Amino acid sequence: MLDIKYIRDHVDLIKQAATDKHVRCDVDRLVVVDADRRRVRQELDALRTKSREGGETIGQLRNPKSKLRKEAAEAGRSDADIETEVDGLQSELNKIKTLIKPLEEQDRQVVEEFDTLMWTIPQPPAPEVPVGKDDTENVEIRRVGTVPQFNFELKDHVDLGERLGILDIERGVKLSGSRNYTLKGAGALMYQAVLRLAMDRMIDRGFTPMHVPVLVREEVMYGTGYFPTGRDQAYLCERDEMSLVGTAEVPLTAFHSGEILSEDDLPIKMVAVSPCFRREAGAAGKDTRGLYRIHLFDKVEQVIICKNDEETSKQFHEEIVANAEGLLQELELPYRVVNVCTGDLGQGQVQKFDIETWIHATVMAKRIRHRGSTNFRRDDSSCVTKGRIARRGIVIRSTTR
RNA sequence: GGAGAGGUGGCUGAGCGGCUGAAAGCACCGGUUUGCUAAACCGGCGUACUGGUAUAAAGCCGGUACCGGGGGUUCGAAUCCCCCCCUCUCCGCCA
């Protein structure tokens, strides 16, 4: 969520961002509601001031030791006279109270609409982000590695995995429905190995390894911007008012929420491997063969909390991309990095680089346009900068020295 | 699931119907003093929203809300009442 002050001052920029990102939001309405909200608040404040001041006067008149009471007595006023004044004041304040009630209700309504609108406002993309309608218009930045050539027809990971007895999709589906699978033997081990390798490399680069909850409270989902928009994509455990996260980014970024950090402690670099749960709602029919768009996978997530400064965060963003690339290079997997265009950028995202990995020759043309993944590593490797300008969901403050 | 304890500012911790946005201490910031550091002393020190004013910024003056959350009583609530949430301890149950 952006700061309303920023939105007020940059209406056109926000509108442009909405257009570019294909986000539907009514900025004009927001501006109106914002004005309403302030107007109502002002009226309310004025009444509350009166009410408070009157109340204080009553308190003092009632108190025989107060200055006001003594002054009244010195002015020759009788106790009964003062009592009458107090009674008058009380009924007057009661009247004010009846005015305050409906205004408070109005305030609630306005604020509710205001908040609803605020959640839809997109974060403007960074200037380097290409404008485009969807993932087909992402811009390739670089290609690394050579795609191997074979003089025979390649089998895909499903054929290979099942033939080797390390992948069993059918039984996964039996247990949990479509988009589920099982790994066994070397498959299960390789899965662990790749995750561990990624963890080790990030730890080498100064990240603190973390283990975090993947079932989190509602407010955490809101705080990280996944709710309300992403609600459809999350598995909800409604009885307990908790949700399964779709990425460790959620608990990691919320880790310091509400805290005041010393700037001396920044940057904070964290890495975690965690299960990721995704309903893939609305994806029916897409990517149905193979381990794509599955409901559960593990992912290694890098999160850096740094100074709230564009230049700094950009620099760390690049570092994260480089780290992810390093891993692919080590695994000798050819890949390309794309600058994700506005239309493919999330509502709260400022800039994102996807790293798309070569899977195998026969599907490359198609796959490379999607988020890449290897057979066993279901990591979409997108690197995102979030929260540049006054991100209000999670408030992490820092002190400056 | 049962029983109890508790949730107040960055922290510790008072307050238990008006003079409390909140004592005191610690921490922090500015200053004085001082071989250096420390100590001592003086001053400052919450957040959000909002009005005014000013600006390159900062700021300054004012208002409102906030003592876990929501509702109620009252002219007036951190303080009284109700509901909820959270944390902790003990017991029970248990993949």
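Small disclaimer: the values here were computed from a predicted structure and weren't measured. Protein chains get the first letters and strands the later ones, always in sequence-line order, with residue 1 at the start of each. Every heavy atom of this structure was used, including side-chain atoms; hydrogens, water molecules and symmetry mates were not.
- The side chain of Arg62(A) lies closest to G18(B) when the candidates are G18(B), G51(B), A65(B).
- C49(B): Watson-Crick or G-U partner is G63(B), with both key distances under 3.5 Å.
- Atom P of nucleotide C66(B) and atom CG of Leu44(A) are separated by 11 Å, given to the nearest angstrom.
- If you take atom C1' in A78(B) and the same atom in G68(B), they sit 12 Å apart, rounded to whole Å.
- The distance between atom CE of Met242(A) and atom C1' of C86(B), rounded to the nearest whole Å, is 12 Å.
- Picking from U64(B), C75(B), U50(B) the nucleotide with the shortest atom distance to the side chain of Arg52(A) gives U64(B).
- Partner assigned to G25(B) is C11(B), using Watson-Crick or G-U wobble distances below 3.5 angstrom.
- Under a 4.0 Å N-O distance rule, the pair Arg52(A)/Glu56(A) qualifies as a salt bridge.
- Comparing U50(B), A65(B), C75(B) by their closest approach to the side chain of Asn94(A) singles out C75(B).
- A57(B) is unpaired under the criterion used here, namely a Watson-Crick or G-U wobble arrangement in which both key atom distances are under 3.5 Å.
- Nucleotide G76(B) forms no Watson-Crick or G-U wobble pair with any nucleotide shown, as no partner meets the under 3.5 Å limit on both distances.
- The separation of G92(B) from G46(B), taken at their P atoms, amounts to 49 Å, rounded to a whole angstrom.
- The gap from the P atom of G15(B) to that of U20(B) amounts to 16 Å, rounded to the nearest Å.
- A distance of about 14 Å separates the P atoms of C29(B) and U37(B), rounded to the whole Å.
- One can place CZ of Arg41(A) at 15 Å from P of A48(B), the figure rounded to the nearest angstrom.
- When both pairing distances are held under 3.5 Å, C16(B) makes no Watson-Crick or G-U pair with any nucleotide shown.
- Atom CZ in Arg108(A) sits about 20 Å away from atom P in C49(B), given to the nearest Å.
- If you check the side chains of Asp168(A) and Tyr181(A), you find no donor sitting under 3.5 Å from an acceptor.
- When distances are taken from the side chain of Thr49(A) to each of G72(B), G63(B), U50(B), the shortest belongs to G63(B).
- Between Lys97(A) and the phosphate of G76(B), there is a side-chain N or O to OP1/OP2 separation shorter than 4.0 Å.
- Here the nucleotide nearest the side chain of Asn63(A), chosen from C19(B), G51(B), C86(B), is C19(B).
- In this structure, G1(B) forms a base pair with C91(B), meeting either the Watson-Crick or the G-U wobble geometry with both donor-acceptor distances under 3.5 Å.
- Asp28(A) and Lys15(A) are joined by a salt bridge, as a carboxylate oxygen and a charged side-chain nitrogen come within less than 4.0 angstrom of each other.
- Rounded to the nearest Å, the gap between the P atom of C16(B) and that of C94(B) is 47 Å.
- Remark: of the listed residues Gln351(A), Lys352(A), Glu140(A), Gln351(A) is the sole one forming a side chain to side chain contact (heavy atoms under 4.5 Å, CB included) with Asn339(A).
- Using a 4.0 Å heavy-atom criterion, one finds that Ile58(A) contacts the bases of the nucleic acid, with or without backbone contacts as well.
- Taking the side chain of Asp45(A) as heavy atoms from C-beta on, and the options G63(B), C19(B), G76(B), the nearest nucleotide is G63(B).
- Backbone-only engagement by Arg37(A) is indicated by non-hydrogen atom pairs under 4.0 Å involving sugar-phosphate atoms exclusively.
- Note on Lys5(A): only backbone sugar-phosphate atoms sit closer than 4.0 angstrom, heavy atoms only; bases stay farther off.
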Under the salt bridge (Lys or Arg N to Asp or Glu O under 4.0 Å) criterion, do Arg278(A) and Asp232(A) qualify, and how do the steps go? CA-CA 9 Å; Arg278(A) 300 187 179 182; Asp232(A) 288 350; over 6 Å; no
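- Protein atom NZ of Lys101(A) is 10 Å distant from nucleotide atom C1' of G71(B), rounded to whole Å.
- Partner assigned to G6(B) is C86(B), using Watson-Crick or G-U wobble distances below 3.5 angstrom.
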Intermediate values then yes/no, side chain to side chain donor-acceptor pair (under 3.5 Å), Lys269(A) and Thr208(A): CA-CA 6 Å; Lys269(A) 300 182 179 184; Thr208(A) 305; over 6 Å; no
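- Leu47(A) places its CG atom 15 Å from the C1' atom of C75(B), with the value rounded to the nearest Å.
- A gap of 30 Å separates the C1' atoms of G4(B) and C66(B), to the nearest Å.
- Nucleotide U32(B): paired with A40(B) (Watson-Crick or G-U wobble, both distances less than 3.5 Å).
- Atom pair Gln90(A):CD and C75(B):C1' shows a separation of 5 Å (rounding to whole Å applied).
- Residue Arg69(A) is out of contact with every strand shown, counting any heavy-atom pair closer than 4.0 Å.
- By the 4.0 Å N-to-carboxylate-O rule, Glu330(A) lies close enough to Arg201(A) to be salt-bridged with it.
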Could you check Ile355(A) against Glu325(A) for side-chain contact (heavy atoms from CB on, under 4.5 Å), going step by step and ending with a plain yes or no? CA-CA 8 Å; Ile355(A) 300 174; Glu325(A) 283 187 65; 4.0 Å; yes
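- Comparing Arg8(A) and Lys50(A) along RNA chain B, the residue whose closest nucleotide (by nearest heavy atom) sits nearer the 5' end is Arg8(A).
- An OP1 or OP2 oxygen of G51(B) is reached within less than 4.0 angstrom by a side-chain nitrogen or oxygen of Arg38(A).
- For Glu53(A) and Arg217(A), each mapped to the nucleotide of RNA chain B holding its nearest heavy atom, the one lying further toward the 5' end belongs to Glu53(A).
- Rounded to a whole Å, the CD atom of Glu92(A) is 14 Å from the P atom of C75(B).
- Rounded to the nearest Å, the gap between the C1' atom of U8(B) and that of G52(B) is 33 Å.
- Separation of the P atoms belonging to G10(B) and C49(B) is 16 Å when rounded to the nearest angstrom.
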